[in-house]
Number of protein chains: 2
Amino acid sequence: MSAAREVTETETLSGPAEDYLKAIYAIGKGTGPAATNEIAQRLAIAPASVSGMVRRLADQGLLAYERYHGVKLTESGRRAALRTLRRHRVIEAYLSQALGYPWDRVHVEAERLEHAASDELVDRMAATIGEPEVDPHGAPIPTREGSVDETEYTSLAQLDVGASGVVVRVSDEDPEMLRYLAELSILPGKKVTVKSRAPYDGPITLSVGRQELSIGPALAANVLIAPLADRGGRRG
Amino acid sequence: MSAAREVTETETLSGPAEDYLKAIYAIGKGTGPAATNEIAQRLAIAPASVSGMVRRLADQGLLAYERYHGVKLTESGRRAALRTLRRHRVIEAYLSQALGYPWDRVHVEAERLEHAASDELVDRMAATIGEPEVDPHGAPIPTREGSVDETEYTSLAQLDVGASGVVVRVSDEDPEMLRYLAELSILPGKKVTVKSRAPYDGPITLSVGRQELSIGPALAANVLIAPLADRGGRRG
DNA sequence: AAAATAAGTTAGTCTGGCCTAACTTTTTGC
DNA sequence: GCAAAAAGTTAGGCCAGACTAACTTATTTT
């Protein structure tokens with residue numbers, strides 16, 4: 001797997017520019033298109049501001065942009081996004097494992113550090129904690145070479161009654177939700193089984209370890225599961 | 001020594017603003033005045049740019065500014081400068097001790113991280129490596145409460161022939177110089193003795209451990225010494 | 001004390017990145 | 001297929017922080 005080392009290329013992106021690329025990557029899952037409005041919403045800025053930045057990024061060859069029709073990452077843009085994503089997730093993992101940072105706050109701190117940390121620092125962090133493959137919320141860490149595990153998982157909200165699975169990942173941005181999930185012990189690696197599901201998008205009852213508990217579908221949608229093959233699986 | 005915890009106050013300074021305060025602190029040794037030109041030179045920007053920023057910082061109560069007559073830090077400005085200095089030096093110490101960062105590169109990395117790292121992160125770093133009192137170059141680390149050791153040391157260039165001292169600190173900004181000093185094993189904690197000094201600002205011969213070597217006065221000026229009382233001491 | 005030099009400031013410009021308001025294009029719903 | 005709604009863009013501002021060029025104030029030299 002020793003791929004050729006990627007050339008460092010541009011390397012001089014502003015913090016905001018990196019945030020745009022990350023957002024576009026997240027929206028399009030790496031390769032898909034991203035709408036102006038959605039970028040604006042993710043970054044909490046006005047749509048008009050997005051148009052301007054998007055043009056600049058397109059000029060730098062990072063985006064494919066067609067007026068009135070959203071944007072896509074170019075190959076070079078995708079690589080830049082993955083570099084930032086790697087930084088973010090390595091930093092999260094490092095803060096958590098090496099400094100005992102609480103998992104509901106690593107995201108915010110990493111958001112700020114990811115634009116300042118050098119690749120060397122990030123690589124040293126990764127090496128120090130044993131080249132982690134996922135961040136504390138279960139998100140896969142892109143490699144130095146720019147590849148990333150793109151497996152799509154089922155959300156807990158979609159798991160059939162009776163089905164079991166292992167929690168692989170939870171959404172990382174909402175500290176309060178993270179604290180709540182930790183309280184319920186819904187954490188990456190835990191096995192969960194769906195016991196029942198109330199109609200009309202009602203609460204979902206599930207068991208985690210020896211506990212039985214009930215959560216709403218909105219929360220369940222933020223918990224990604226690797227289904228176990230003991231009974232059932234997905235549900236359309 | 002458990003002083004009352006400082007109030008966090010403003011907390012929202014830009015990166016450049018923090019750099020200005022650090023520079024002004026360095027020039028005035030904390031309390032003295034700083035000249036516009038010298039600030040400009042340290043930050044590698046035009047003097048005209050300094051006038052503008054200095055006005056903004058004065059408006060925020062961080063500087064005492066009198067047109068055409070340089071600036072001084074206010075108490076609040078001094079505290080802000082020391083917060084940044086603490087961040088910088090804790091980060092340097094952490095990079096060096098926890099991540100094996102080479103000492104000639106910690107400065108550059110810390111310059112970028114010091115504006116992004118939260119106080120919580122810096123405090124965790126400090127705690128993890130045992131609350132260090134100096135950074136890898138021997139510079140004292142300000143406390144959380146904003147006090148700092150202001151002892152002034154003699155430079156190696158000023159040490160009398162025959163006098164000995166312990167290296168306490170070396171200048172941290174020039175990586176090449178740091179590599180050279182390390183090569184000569186002129187490092188914080190090492191004992192040195194001046195053997196001879198050539199006239200007209202000529203080379204200084206000294207012994208470090210069992211080695212004997214010769215350095216120029218420009219380099220010697222960047223090495224601060226705590227004199228030992230075995231023979232001689234300073235020289236005017 | 002006047003002239004020369006150095007230091008510092010203002011004026012005006014630029015870029016990045018954001019904003020609101022007004023306009024245009026695309027999509028949607030009937 | 002056309003009108004309303006949604007999405008996206010341009011125009012025009014603003015702020016921070018840098019720049020150069022031109023000017024003012026301080027300091028030094030003679």
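Residue numbers begin at 1 in each chain, while the letters A, B, ... track the order of the sequences.
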* side-chain contact (heavy atoms from CB on, under 4.5 Å), paired with A:Arg169, selected from A:Thr151, A:Leu224, A:Asp135, A:Ile225 ->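 Only one of A:Thr151, A:Leu224, A:Asp135, A:Ile225 forms a side-chain contact (heavy atoms from CB on, under 4.5 Å) with A:Arg169, namely A:Leu224.
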Interatomic distance, [X] [atom1] vs [N] [atom2] [rounded to whole Å]:
{"X": "A:Gln41", "N": "D:dG8", "atom1": "CD", "atom2": "C1'", "answer": "15 Å"}
{"X": "A:Ile39", "N": "D:dA7", "atom1": "CD1", "atom2": "P", "answer": "14 Å"}
{"X": "A:Glu66", "N": "C:dT26", "atom1": "CD", "atom2": "C1'", "answer": "13 Å"}
{"X": "A:Gln60", "N": "C:dG17", "atom1": "CD", "atom2": "C1'", "answer": "13 Å"}
{"X": "B:Arg55", "N": "D:dA16", "atom1": "CZ", "atom2": "C1'", "answer": "12 Å"}
{"X": "B:Asp59", "N": "D:dA16", "atom1": "CG", "atom2": "P", "answer": "10 Å"}
{"X": "A:Leu21", "N": "C:dG17", "atom1": "CG", "atom2": "C1'", "answer": "15 Å"}
{"X": "A:Leu43", "N": "C:dC18", "atom1": "CG", "atom2": "P", "answer": "8 Å"}

* Taking the six-membered ring for Trp, are the ring centroids of B:His107 and B:His137 within less than 6.0 Å of each other? -> no
Any [X] side-chain nitrogen or oxygen under 4.0 Å from OP1 or OP2 of [N]:
{"X": "B:Tyr20", "N": "D:dA16", "result": "no"}
{"X": "B:Ser14", "N": "D:dG17", "result": "yes"}
{"X": "B:Asn37", "N": "C:dG8", "result": "yes"}
{"X": "A:Ser51", "N": "D:dT10", "result": "no"}
{"X": "B:Arg67", "N": "D:dT25", "result": "no"}
{"X": "B:Tyr68", "N": "D:dC23", "result": "no"}
{"X": "A:Ser49", "N": "C:dC18", "result": "no"}
{"X": "A:His69", "N": "C:dT26", "result": "yes"}

Checking contacts here: which listed nucleotide ([options]) is nearest the side-chain heavy atoms of [X]?
{"X": "B:Tyr65", "options": "C:dG17, C:dT9, D:dA18", "result": "C:dT9"}
{"X": "A:Pro47", "options": "D:dA18, D:dT9, C:dG17", "result": "D:dT9"}
{"X": "A:Met53", "options": "C:dC18, D:dT9, D:dA21", "result": "C:dC18"}
{"X": "B:Ala48", "options": "D:dT9, D:dT20, C:dC18", "result": "D:dT20"}
{"X": "B:Ala35", "options": "C:dG17, C:dG8, D:dG8", "result": "C:dG8"}
{"X": "B:Ile45", "options": "D:dT20, C:dT9, D:dA18", "result": "D:dA18"}

* **Under 3.5 Å donor-acceptor, A:Gln97 side chain and A:Tyr94 backbone** => no
* Output yes when a side-chain donor or acceptor of B:Ser76 lies under 3.5 Å from a complementary backbone atom of B:Leu62, and no otherwise. =>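 Not a single qualifying donor-acceptor pair exists.
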* Asked: Pick one: which of A:Arg87, A:Arg86, A:Arg83 meets side-chain hydrogen bond (donor to acceptor under 3.5 Å, both in side chains) with A:Asp119?
  ->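 It is A:Arg87; the other options fail the test.
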* Salt bridge flag under 4.0 Å for residues B:Glu114 and B:Arg89 ->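 Result for this pair is no, no salt bridge flagged.
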